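This structure is a prediction, so every number in the text was calculated from the model and none was measured.
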Amino acid sequence: MKKQIIFYFVLISDFISISTIFSQTSISVSQYLGYYSNSFYNYKQLADVNDFIGLKASRILKGETVQSRIYYQGDLNFFKTYSERIYHNQALGYDGYTVSSDNKKTLYFGGNWYWHDGRDIYDYYDYWKLQGYVNTKIYFRPNLISKFGYILNNRNYSELPEFNYWEHYLYTQLNTFFQTGTSITLIVNYGLKNHIPLDISSNWRNPEFFEMPSVDQLVSSIKVAQSIGNKTSLSAKYLNRLNPGLVAGSAAVMNTDDLFTEDELFDDRYGYSGHEFSVNFTHFLPAYVKLELGSTYYLKNYHNRQIYDFDGNIDISGDKRSDQRSLIWTSLSRNFAVNWGIKNIKLSLQGGYLKNDSNDSYYQFDNYFGSLGLQFRVK
């Protein structure tokens, strides 16, 4: 663990040195210390402290018709009580865009590679992902903007090849705003996940494949935001999630003793349908302190999650898992402009409460959380 910390600090210092040479290079370093009264999000209510260290670096590439950037993002996550949960994330990517001659259309495109890795005891969660995307933004009127796009994802689990998949994601977004300070955003997304067939035989002449069924999901949302003067804004959002096609979350047998579903390990969004309601409030206090308040209610109905008792027996009712989750949170943040090699420093304080009501007793829990964060940006 100490070697990983030293490596990150060496990496940070190297990036800062590079940023002083290349004027188009941006560096951001952040650290968050957080407390969670229920770090595993289940009935056991096991508390822990999480230490997050993150690094972001990007380099702008300017062309005659295309503006783009290459970037790196990485983070380390440490845990005080359950130290074996340590993990890191790494990402490398490219983003670009070009604007039409009449300035009414903008084409965005790019891709990235992402890697999640932890200790061997949690290697079921290790994976890497490739993503490519393209979308276009069109100005129908000065106050009416649309966006259409496509995302292609390929995710591969190092220890769970049964769950490897390709995902096709289509989305459309419509934004409009008025002189009254009101804005409305409509979004419709459609995703299709195809699992990659797994060869489970040793006979290459007559291979036998295991494959979970494909699943699709339609997500639609509407958000209304209102500015109240120059320092205050209020927004409300409703989201609906449904599966119009095949049933999600079919079980995959890992070995003769264990039976898991992708929903159980990763809470896969394709594994449930439901509704979300959220309200957010933002206000700038004196001394440029930003106050944010938020509340969200989730209703999640799982398609293939049986209910079990604490002895591992399936509930005789035959019902599937259903959750009602309530979240309230608040945060205070302040940006400071400085001139001694660091362009910006941000301090933040966040706290909140989450309660999950479920017909599965294992997931009946609540969680108090809070965090203190520091972020600084070079150039």
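- At least one donor-acceptor pair closer than 3.5 Å links the side chain of T176 to the backbone N or O of N143.
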Using the rule given for side chain to side chain donor-acceptor pair (under 3.5 Å), can you reason through N356 versus S358, listing the C-alpha separation, both sets of side-chain angles and the distance that settles it, and then say yes or no? CA-CA 6 Å; N356 196 76; S358 177; 4.7 Å; no
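- Shown here for G74 and Y72, the closest heavy-atom pair between the two residues is CA-OH, 3.5 Å.
- Residues Y302 and D323 are in side-chain contact: their nearest non-hydrogen atoms beyond the backbone lie under 4.5 Å apart.
- At most 12 non-hydrogen atoms from other residues, nucleotides or ligands lie less than 6.0 angstrom from NZ of K56.
- A distance of 14.0 Å separates OG in S322 from OH in Y363, rounded to the nearest 0.5 Å.
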Go through it in stages, so that I can follow the logic: the residues are D366 and Q45, the test is side chain to side chain contact (heavy atoms under 4.5 Å, CB included), and I'd like the CA-CA distance, side-chain angles, deciding distance and then a yes or no. CA-CA 8 Å; D366 58 8; Q45 300 289 149; 3.3 Å; yes
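- Put simply, the side chain of T106 never gets that close to the backbone of K137: no donor and acceptor are under 3.5 Å apart.
- Two different hydrophobic clusters hold Y94 and I60 under the rule that ILVMFWY side chains link at heavy-atom gaps under 4.5 Å.
- From L349, atom CG reaches atom OG of S333 across 10.0 Å, with rounding to the nearest 0.5 Å.
- Here salt bridge (Lys or Arg N to Asp or Glu O under 4.0 Å) pairs that include residues 275-288, with residues two or more places apart or in two chains, are R241-E276.
- Annotation: D102, atom CG; neighbour count of heavy atoms from other residues, nucleotides and ligands within 6.0 Å is above 12.
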I would like to know whether Y41 and R325 meet side chain to side chain donor-acceptor pair (under 3.5 Å); could you show each step before the answer? CA-CA 12 Å; Y41 294 88; R325 177 173 295 191; over 6 Å; no
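- With sequence neighbours excluded, no residue forms a ring-ring contact (aromatic ring centres under 6.0 Å, His included) with Y150.
- Residue E84 holds its CD atom at 12.0 Å from CG of D120, rounded to the nearest 0.5 Å.
- Transitive grouping of hydrophobic side chains (ILVMFWY, heavy atoms separated by less than 4.5 Å) keeps F177 and L144 in distinct clusters.
- Side-chain atoms of E159 do not come within 3.5 Å of backbone N or O of Y125 as any donor-acceptor pair.
- A side-chain donor from one of D315 and S317 sits under 3.5 Å from a side-chain acceptor of the other.
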Could you give me the CA-CA distance, side-chain angles and deciding distance for R155 and N153, then say whether side chain to side chain contact (heavy atoms under 4.5 Å, CB included) is met? CA-CA 6 Å; R155 179 174 291 199; N153 291 313; over 6 Å; no
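- Atom NZ of K223 has 12 or fewer heavy atoms from other residues, nucleotides or ligands within 6.0 Å.
- Residues G191 and Y169 share a closest heavy-atom pair of CA-CD1, 3.5 Å.
- Remark: Y87 pairs with H116 by the ring-ring contact (aromatic ring centres under 6.0 Å, His included) rule, at least two apart or across chains.
- Checked by atom type and distance alone, the side chain of N154 pairs as donor or acceptor with a backbone atom of Y165 at under 3.5 Å.
- With rounding to the nearest 0.5 angstrom, the CD1 atom of I145 is 9.5 Å from the OG1 atom of T185.
- For the pair F52/S30, a side-chain contact is recorded, criterion being any heavy-atom separation below 4.5 Å from C-beta on.
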Run the side chain to side chain donor-acceptor pair (under 3.5 Å) check on Y133 and D95 step by step: do they pass? CA-CA 9 Å; Y133 72 89; D95 297 322; 2.7 Å; yes
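- Relative orientation of the H275 and Y238 rings is parallel, given thresholds of 30° and 60° on the angle between their planes.
- In this structure, the side chains of Y139 and N103 stay at 4.5 Å or more apart for every pair of heavy atoms.
- Between the side chain of T98 and the backbone N or O of L107, no donor-acceptor pair lies under 3.5 Å.
- Y368 is linked by a ring-ring contact (aromatic ring centres under 6.0 Å, His included) to Y353, counting only residues two or more places apart in sequence or in another chain.
- Between the side chain of S58 and the backbone N or O of I70, no donor-acceptor pair lies under 3.5 Å.
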Show every donor-acceptor pair shorter than 3.5 Å between a side-chain atom in residues 284-297 and any protein atom, with sequence neighbours excluded, or say none if there are none.
unit_1	atom_1	unit_2	atom_2	d
E292	OE1	S331	OG	3.4
S295	OG	L327	O	3.4
Y297	OH	Q324	OE1	2.7

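- Side-chain polar atoms of S214 and N194 form a donor-acceptor pair below 3.5 angstrom.
- Looking at N164, its side chain does come within 3.5 Å of a backbone N or O of Y157 through a donor-acceptor pair.
- Remark: side-chain polar atoms of Q350 are not paired, donor with acceptor, to backbone N or O of F369 under 3.5 angstrom.
- Judged by distance alone, the side chain of D126 and the main-chain N or O of G118 form a donor-acceptor pair under 3.5 Å.
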Can you list the steps and then say if K346 with R334 is a side chain to side chain contact (heavy atoms under 4.5 Å, CB included)? CA-CA 6 Å; K346 181 180 179 180; R334 173 72 155 83; over 6 Å; no
Where do I184 and F178 land on the side chain to side chain contact (heavy atoms under 4.5 Å, CB included) test, with the steps shown first? CA-CA 9 Å; I184 301 175; F178 307 93; 4.2 Å; yes
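- Defined by atom type and a distance below 3.5 Å, a donor-acceptor pair is present between the side-chain atoms of S28 and Q375.
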N50 vs D48, side chain to side chain donor-acceptor pair (under 3.5 Å): CA-CA, chis, key distance, verdict: CA-CA 7 Å; N50 172 225; D48 208 346; over 6 Å; no
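- Between atom CG of residue N175 and atom NZ of residue K147 there is a gap of 8.0 Å, rounded to the nearest 0.5 Å.
- The environment of NZ in K105 is sparse: at most 12 heavy-atom neighbours from other residues, nucleotides or ligands sit within 6.0 Å.
- Here L218 sits in one hydrophobic cluster together with V188, Y190, L192, L242; the rule is ILVMFWY side chains under 4.5 Å apart, joined directly or through other members.
- Of the possible donor and acceptor atoms, none in the side chain of N367 sits under 3.5 Å from a partner among the backbone N and O of Y36.
- Here the shortest heavy-atom pairing between V338 and N344 reads CG2-N, 4.4 Å.
- Distance check, rounded to the nearest 0.5 Å: CG of L92 to CD of Q90 gives 8.0 Å.
- Proximity of the aromatic rings of F40 and Y82 is defined here by a centroid distance below 6.0 angstrom, and this criterion is met.
- Residues R59 and L61 are in side-chain contact: their nearest non-hydrogen atoms beyond the backbone lie under 4.5 Å apart.
- Under a hydrophobic clustering in which Ile, Leu, Val, Met, Phe, Trp and Tyr are joined whenever their side-chain heavy atoms come within less than 4.5 Å, directly or via other members, Y122 and L160 fall into the same cluster.
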